[in-house]
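If you read the sequence from its start, that first residue is 1, and numbering goes on from there.
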Amino acid sequence: MVIVANDSAYGAEHIQFTRRQMDPSQSVLDWPDFPNVATALGAKSFKVDSDEALETAVGAIENRDGPIFIELCLDPSDMPPPRI
């Protein structure tokens, strides 16, 4: 099982741009569709971007019979600040 927490950005840079009141869009990237790549490689794949999708992914984990790939879609603007 592989779980990727994807905020679609370079998270540390996004936080720094936001802290400095700069445009954080420079840190946001257009990543490939990871679940499609994992499916092509033989895994059951899930994109978790809602509560319903999370329930489906959890059910698949409980009943897995082979490799599973889960992409957790996160909002880079909703990440907790780093602890220093």
Side-chain angles (χ1 to χ4, degrees):
M1 178 172 34
V2 174
I3 300 175
V4 171
N6 185 2
D7 67 0
S8 298
Y10 287 129
E13 285 75 12
H14 193 279
I15 291 168
Q16 292 302 320
F17 282 135
T18 302
R19 280 187 177 171
R20 291 181 172 93
Q21 298 178 348
M22 298 169 64
D23 179 12
S25 67
Q26 297 177 35
S27 66
V28 178
L29 303 167
D30 187 24
W31 296 101
D33 188 332
F34 293 120
N36 278 346
V37 172
T39 297
L41 295 171
K44 289 183 182 174
S45 301
F46 302 89
K47 184 173 201 155
V48 176
D49 55 5
S50 68
D51 291 342
E52 296 80 19
L54 178 60
E55 288 180 27
T56 300
V58 168
I61 291 169
E62 292 170 347
N63 300 308
R64 69 185 179 275
D65 60 355
I68 291 182
F69 177 90
I70 297 172
E71 177 182 21
L72 296 176
C73 299
L74 307 173
D75 181 347
S77 299
D78 197 24
M79 301 301 287
R83 297 168 86 175
I84 300 175

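- Distance CZ/Arg64 to CE/Met1: 4.5 Å, rounded to 0.5 Å.
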* Asked: Given Lys44 and Asp65, is the side-chain contact (heavy atoms from CB on, under 4.5 Å) satisfied, shown in steps?
  -> CA-CA 9 Å; Lys44 289 183 182 174; Asp65 60 355; 3.2 Å; yes

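- For the pair Leu72/Asn6, no side-chain contact is recorded, criterion being any heavy-atom separation below 4.5 Å from C-beta on.
- Contact check for Pro35 versus Val37: no side-chain heavy atoms found under the 4.5 Å cut-off.
- Taken from CZ in Phe69 to CZ in Phe46, the straight-line distance is 11.5 Å, to the nearest 0.5 Å.
- With values rounded to the nearest 0.5 angstrom, Asp33 atom CG is found 9.0 Å from Ser45 atom OG.
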* Asked: Please walk me through it: do Ile70 and Ile61 pass side-chain contact (heavy atoms from CB on, under 4.5 Å)?
  -> CA-CA 10 Å; Ile70 297 172; Ile61 291 169; 3.5 Å; yes

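- Heavy-atom minimum distance, Ala60 versus Ile68: O-CD1, 3.3 Å.
- Taking each heavy atom of Ala5 and Leu74 in turn, the nearest pair found is CB-CD1, 3.8 Å.
- Summarising the geometry of Pro67 relative to Gly42, their closest heavy-atom pair is CG-O, 4.0 Å, with the distance given to 0.1 Å.
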